Enquirer: 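Structure incoming, see below.
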Amino acid sequence: MGGATKTTPSEASPVAETVPAEVGEGTEEGRKEKTAEEDVEQEEDPQVPQEEEQEAENTVANFDLNDLRERIEGDIITPEDGPAFVEAAVIWNGDWKIRSSPMAIVQVRCTEDVQKSILYAKENKIGIAFRCGGHSMKGLSTSVGGMVIDLGKYMRKVEVDPEKRLVKFQGGCRIKDIDAEATKYDLCTVLGAVGNAGAGGLVSGGGLGHFTRKEGLSVDNVISAEVVCARGLLHNISSDSEPDLFWAIRGGQSNFGCIVSFTMRLFDCPKQILAGMILYDMQYAEKIISEYMQFVEDPDLPRELTVHMYSVPSPSDGKKYVSLLVSYVGPPEEGYHLLHPLIHSAPCVVNQIAPKTYVQHQNSSNDMYSVKGVPTYWKSRNITMGAKIPPKLVVESIEASSDYSILVLEHYGGKVLELSSDATAYYHRDCAVIMSFTGYGYHDEKERSELMEWISKSTSMFEPYYNGTSYMNYDCGSALESFAGNLPRLREIKSIYDPDNIFRCNTNIAPLEDIQYPTRCGDDEIEKINSETN
């Protein structure tokens with residue numbers, strides 16, 4: 001099983017060093033200029049955000065960006081900057097159906113820069129996309145003809161209060177930035193499972209991680225935030241201050257404004273955890289999958305333990321494998337004891353489960369998330385609680401997959417299930433297993449079409465076991481699918497804070513027409529922001 005290594009994109013990505021493969025970066029044939037017919041196909045493609053910015057006519061020549069340049073401390077990069085713009089416009093997902101061609105990328109240095117950029121965009125009727133790490137599966141951190149407000153270059157400050165067990169971090173932080181500071185005090189919080197991913201996008205869409213079963217979603221651990229809304233005003237929000245907006249940003253993505261900082265609670269981080277991947281030959285796949293499904297359905301399983309299952313393609317030898325990615329956020333010896341029946345239910349090919357630090361496990365997939373522009377496709381569905389998925393069906397799907405196709409079963413539940421669906425804007429808590437079909441590193445339109453055909457067939461195969469929802473950070477369905485029973489309240493809040501819908505590069509929540517801004521958002525404050533030239 002020689003050759004280069006390949007990883008699987010996910011908030012719970014398997015450790016990078018175990019998966020044998022060759023990673024392609026896409027070919028020119030796959031990136032040819034799209035015809036009108038292809039544009040029609042793109043609109044129907046679930047990979048591409050349905051509410052794509054319809055502002056292709058916007059060009060730098062149409063706007064006086066010098067006015068904005070004079071008023072902000074950050075950088076403004078436009079197509080006129082040539083290679084610098086090309087580099088800044090590239091996002092993590094290099095699927096050529098996702099067009100990244102904003103009219104300008106504003107790399108903000110401070111909250112005031114965010115405020116002035118939002119006001120400029122609003123005045124000129126320019127749609128806005130926000131970027132933290134640029135790792136959105138669906139390309140939501142860019143736009144076509146709009147403005148990208150990029151917090152990820154400069155706004156990465158982290159402050160830890162070990163006595164209050166709180167961490168405050170700016171919206172441009174990577175997960176690894178926060179982990180590095182918090183673990184100095186043997187503390188951590190729920191923040192995904194890939195250190196290089198952006199924290200802001202992850203948290204605003206729910207947030208899954210190694211501690212989710214024990215401590216809940218990321219949004220369940222946010223205690224306050226600072227948000228710049230459409231009027232350019234800074235809102236300091238919490239359960240006691242503008243509670244409706246605070247409720248909405250915890251799962252409502254960027255629909256309500258730019259979240260320039262989060263404050264989250266911290267909890268004890270073990271000195272060592274037990275984590276890693278174990279790999280099995282496909283001849284044992286049905287046995288391992290059967291044991292896995294029984295294992296994760298055990299209601300008495302300690303919440304410190306999380307186990308995910310992945311199919312692993314190996315283009316170097318044409319074989320497929322099944323892997324388990326485990327993390328036990330407690331004493332390693334306890335983890336070994338709990339896992340023994342599962343991981344030894346069949347002989348393995350590779351076993352990398354070992355004691356390590358939490359940060360080592362968090363950062364194990366960082367290399368993959370550092371490479372921009374690799375084509376990625378993702379479709380995700382939540383499994384109904386108690387559904388009995390036939391292991392043979394999973395094996396059938398894996399065997400039909402290609403060298404760049406991956407089936408994923410992620411194991412959550414635990415504390416997430418304790419909160420009601422309307423506790424935050426994140427609605428879909430009635431799920432313990434997430435099933436995803438993904439592709440990574442396909443090279444051209446032929447391979448992409450083959451991948452989509454496999455995803456379509458596989459998704460249909462498991463239709464009886466879905467609960468009709470999906471995890472929003474993976475899969476962009478309609479607003480109704482994503483927010484379900486929380487959508488009416490979200491639309492009312494949207495109408496207050498963004499009635500013109502300038503924040504629409506997301507799973508978009510349409511504002512109502514009959515709700516206007518409250519009087520507290522006064523024009524005198526907006527004029528003050530506009531007049532300041534730092």
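On a predicted model such as this, the values are computed, not experimentally measured, just so you know.
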Enquirer: Among all residues two or more places apart in sequence or in another chain, which pass the side-chain contact (heavy atoms from CB on, under 4.5 Å) test with A510?
Expert: R491
Enquirer: Is there a side-chain contact between F169 and M264 (heavy atoms, below 4.5 Å)?
Expert: yes
Enquirer: With a 4.5 Å heavy-atom cut-off, do I389 and V394 have their side chains touching?
Expert: yes
Enquirer: What are the two closest non-hydrogen atoms of Y497 and F256, and how far apart are they?
Expert: CB-O, 4.3 Å
Enquirer: Would a distance-only check, ignoring hydrogens and angles, find a side-chain to backbone donor-acceptor pair under 3.5 Å from S401 to I398?
Expert: yes
Enquirer: When you look at R265 and E215, which way does the salt bridge (charged side-chain N to carboxylate O under 4.0 Å, His left out) test go after all the steps?
Expert: CA-CA 10 Å; R265 64 173 58 91; E215 304 289 348; over 6 Å; no
Enquirer: Could R250 and F246 be counted as a cation-pi pair, given that NZ or CZ must be under 6.0 Å from the ring centre and within 45° of the axis?
Expert: yes
Enquirer: Can you measure from OG (S405) to CE (M452) and round to the nearest 0.5 angstrom?
Expert: 12.0 Å
Enquirer: Evaluate the side-chain proximity of I496 to E242: yes if any heavy-atom separation is below 4.5 Å, no if none is.
Expert: no
Enquirer: Hey, is the main chain of E418 close enough, under 3.5 Å, to the side chain of R429 for a donor-acceptor pair?
Expert: no
Enquirer: Angle class for the F437/W454 ring planes (parallel below 30°, perpendicular above 60°, tilted otherwise)?
Expert: perpendicular
Enquirer: Can you say whether the rings of H411 and Y292 are parallel (under 30°), tilted (30 to 60°) or perpendicular (over 60°)?
Expert: perpendicular
Enquirer: Going by distance alone, is a donor N or O of one side chain under 3.5 Å from an acceptor N or O of the other, for N501 and N508?
Expert: yes
Enquirer: Before you tell me yes or no, could you show the steps for D500 and K125 under salt bridge (charged side-chain N to carboxylate O under 4.0 Å, His left out), namely the whole-Å CA-CA distance, both residues' side-chain angles and the distance that decides it to 0.1 Å?
Expert: CA-CA 9 Å; D500 298 321; K125 296 181 170 56; over 6 Å; no
Enquirer: Going by atom types alone, do E450 and Y442 pair a side-chain donor with an acceptor below 3.5 Å?
Expert: no
Enquirer: Mind running salt bridge (charged side-chain N to carboxylate O under 4.0 Å, His left out) on E226 and K168 for me, showing each step along the way?
Expert: CA-CA 10 Å; E226 295 176 311; K168 181 178 181 179; 3.6 Å; yes
Enquirer: Could you tell me which non-hydrogen atom of A230 sits nearest to which non-hydrogen atom of L119, and how far apart they are?
Expert: O-CD2, 4.3 Å
Enquirer: Heavy atoms, side chains only, cut-off 4.5 Å: are L234 and V260 in contact?
Expert: yes
Enquirer: State, yes or no, whether a side-chain contact exists between S218 and L202 at a heavy-atom distance under 4.5 Å.
Expert: yes
Enquirer: Regarding K138 and the six-membered ring of Y377, is the cationic atom NZ or CZ under 6.0 Å from the ring centre and inside 45° of its axis?
Expert: yes
Enquirer: Would you please name every residue forming a ring pair (Phe, Tyr, Trp, His ring centres under 6.0 Å) with Y466, sequence neighbours left out?
Expert: none
Enquirer: Could you check whether any side-chain N or O of S458 sits under 3.5 Å from a backbone N or O of I455, counting only pairs where one atom can act as donor and the other as acceptor?
Expert: no
Enquirer: Could you give the distance from CZ (R131) to CD1 (I149), rounded to the nearest 0.5 Å?
Expert: 11.5 Å
Enquirer: Compare every heavy atom of C229 with every heavy atom of H235, then report the nearest pair and how far apart it is.
Expert: CD2-SG, 3.6 Å
Enquirer: Are N467 and T469 linked by a side-chain donor-acceptor pair shorter than 3.5 Å?
Expert: yes
Enquirer: Keeping H428 on the side-chain end and E481 on the backbone end, is there a donor-acceptor pair under 3.5 Å?
Expert: yes
Enquirer: So which heavy atom on Y426 is nearest to which on V219, and how close?
Expert: CB-CG2, 4.3 Å
Enquirer: Decide yes or no for M435 and F462: does some side-chain heavy atom of the first lie under 4.5 Å from some side-chain heavy atom of the second?
Expert: yes
Enquirer: Find the distance between CZ (R174) and CG (L191) and round it off to the nearest 0.5 Å.
Expert: 13.5 Å
Enquirer: First locate atom OG of S365, then atom CG of L325, and finally report the distance between them rounded to the nearest 0.5 Å.
Expert: 8.0 Å
Enquirer: Do side-chain atoms of R489 reach the backbone of D244 as a donor and acceptor pair under 3.5 angstrom?
Expert: no
Enquirer: Look at the side chain of N124 and the backbone N and O of I126, then say whether any donor-acceptor pair between them is shorter than 3.5 Å.
Expert: no
Enquirer: About how many Å separate OG of S482 and CG of D475, when rounded to the nearest 0.5 Å?
Expert: 8.0 Å
Enquirer: Show the nearest heavy-atom pair for residues T306 and H308, with the distance to one decimal.
Expert: CG2-CE1, 3.4 Å
Enquirer: What heavy-atom pair brings Y412 and E410 nearest, and what distance separates the two atoms?
Expert: OH-OE1, 3.3 Å
Enquirer: Could you tell me the separation between the CE atom of M137 and the OG1 atom of T438, rounded to the nearest 0.5 Å?
Expert: 6.5 Å
Enquirer: Would you call the rings of Y440 and W92 parallel, tilted or perpendicular if under 30° counts as parallel and over 60° as perpendicular?
Expert: parallel
Enquirer: Taking N486 for the side chain and T424 for the main chain, is one N or O donor matched with an acceptor at less than 3.5 Å?
Expert: yes
Enquirer: Any sub-3.5 Å donor-acceptor pair from N255's side-chain atoms to I509's backbone N or O?
Expert: yes
Enquirer: Any side-chain heavy atom of M472 within less than 4.5 Å of one from F483?
Expert: yes
Enquirer: Has the side chain of N506 got a donor or acceptor atom that lies under 3.5 Å from a matching backbone atom of L140?
Expert: no
Enquirer: Are the side chains of R448 and P375 in touch, meaning some heavy atoms are under 4.5 Å apart?
Expert: no
